[in-house]
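As structure tokens, the structure follows; a few thoughts come after it.
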Amino acid sequence: MPEIVLVVARFGFLALLWIFVFAVVGVVRRDLWSSSRGNRLVAAPPRGAQPASVPPPPARPRATPGRPRLLVVTEGPLAGTQITLGDHPITMGRAENSTLVLTDDYASTRHARLVARNGDWFVEDLGSTNGTYLDRAKVSGPTPVPLGVPIRIGRTALELRP
């Protein structure tokens, strides 16, 4: 085999090796940077948010007793966190643009979503690796969430409360 082919193959292999090293360093850096921000609640702006010049929509009537008004984190690193329920879906996961940012090893980037439909709240798993559980049952599609029943995502448990 000509010597020039061996030299080109060696440099090509070396270039591929460095590309791999930089890719691994980038993934590790991104993972460490996102986990160093700690567990925090991030309120994402609702999709299709209107500009400030548009007047806000009329106030919603007060919730009746027995209807969920809060999402409360009962277990996990964010225990005690409360989110007031509105008209917009609540996303949960490790993504920075989630409504509830979970830095749990068992949570996926986009893990689950809580959606209001006709006054009821439904939890949906968004194709997570470890699944979303309502009480002890694995959620496979949009599932209604009763008051006080825990939604489990990894080590985190959440409940709807009046």
Side-chain angles (χ1 to χ4, degrees), residues 1-54 70-117 120-145 149-160:
M1 190 178 291
E3 189 173 326
I4 188 76
V5 173
L6 289 175
V7 170
V8 169
R10 285 180 185 164
F11 279 115
F13 179 73
L14 188 61
L16 285 175
L17 183 64
W18 277 107
I19 290 170
F20 175 74
V21 167
F22 283 126
V24 168
V25 168
V27 168
V28 169
R29 182 183 61 93
R30 204 172 324 125
D31 190 42
L32 289 175
W33 183 75
S34 67
S35 66
S36 69
R37 297 181 126 197
N39 294 333
R40 62 187 179 100
L41 179 67
V42 176
R47 291 186 183 167
Q50 298 180 1
S53 63
V54 176
L70 294 173
L71 176 66
V72 179
V73 180
T74 57
E75 293 177 27
L78 296 174
T81 302
Q82 296 182 357
I83 299 174
T84 304
L85 300 175
D87 293 330
H88 301 289
I90 295 173
T91 56
M92 297 162 278
R94 293 173 62 176
E96 290 293 323
N97 63 349
S98 296
T99 309
L100 184 62
V101 178
L102 305 171
T103 55
D104 188 335
D105 292 338
Y106 298 103
S108 296
T109 303
R110 303 202 185 290
H111 197 98
R113 173 175 47 207
L114 199 60
V115 182
R117 292 185 189 145
D120 294 325
W121 286 88
F122 291 80
V123 65
E124 301 175 60
D125 187 83
L126 300 176
S128 65
T129 305
N130 295 312
T132 303
Y133 293 85
L134 183 61
D135 203 7
R136 293 188 178 148
K138 190 169 186 176
V139 173
S140 59
T143 307
V145 181
V149 175
I151 302 167
R152 296 197 178 279
I153 298 173
R155 295 183 188 114
T156 304
L158 314 117
E159 291 181 7
L160 293 178

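- Shortest non-hydrogen contact noted between V115 and P89 is CG2-CB, 4.1 Å.
- Atoms CG and CD1, from L14 and I19 in turn, are 10.0 Å apart once rounded to the nearest 0.5 Å.
- Rounding to the nearest 0.5 Å gives a distance of 5.5 Å between CG of L100 and CG of L78.
- Of all the heavy atoms in A95 and R110, the pair that sits closest is CB-NH1, 3.5 Å.
- The two residues S128 and G131 have their closest heavy-atom pair at OG-N, 3.0 Å.
- Here the side chain of D125 pairs no donor or acceptor atom with the backbone of V139 at under 3.5 angstrom.
- For the pair M92 and S98, the minimum side-chain heavy-atom distance is 4.5 Å or more.
- N130 places a side-chain N or O within donor-acceptor distance of the main-chain N or O of Y106, the cut-off being under 3.5 Å.
- Of the possible donor and acceptor atoms, none in the side chain of D135 sits under 3.5 Å from a partner among the backbone N and O of A137.
- Nearest heavy-atom pair, R152 versus E75, reported as atom, atom and distance to 0.1 Å: NH1-OE1, 3.2 Å.
- Here the straight-line distance linking atom CG of L17 with atom CZ of F22 works out to 10.5 Å at 0.5 Å rounding.
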Requested in this report: Could you walk me through whether L114 and L158 pass the side-chain contact (heavy atoms from CB on, under 4.5 Å) test, one step at a time?
Outcome: CA-CA 11 Å; L114 199 60; L158 314 117; over 6 Å; no
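- For D105 against R94, the heavy-atom pair with the smallest separation is O-NH1, 4.1 Å.
- Here the CG atom belonging to L134 is positioned 11.0 Å from the OG atom belonging to S140, to the nearest 0.5 angstrom.
- Here CD1 of I90 is found 5.0 Å from CH2 of W121. Values are rounded to the nearest 0.5 Å.
- More than 12 heavy atoms of other residues, nucleotides or ligands lie within 6.0 Å of CZ in F122, so this atom counts as buried by the packing criterion.
- At distances below 3.5 Å, at least one donor-acceptor pair connects side-chain atoms of T143 with backbone N or O atoms of G141.
- Residues L70 and L85 have side chains not in contact (no heavy-atom distance under 4.5 Å, counting atoms from C-beta outward).
- The minimum heavy-atom distance between I153 and A107, with the atom names listed, is CG2-CB, 4.1 Å.
- Each of T132, T156, T91 was checked for a side-chain hydrogen bond (donor to acceptor under 3.5 Å, both in side chains) with H111, and the lone residue meeting it is T132.
- Sparse packing is recorded around CZ of R10, with 12 or fewer heavy atoms of other residues, nucleotides or ligands lying under 6.0 Å away.
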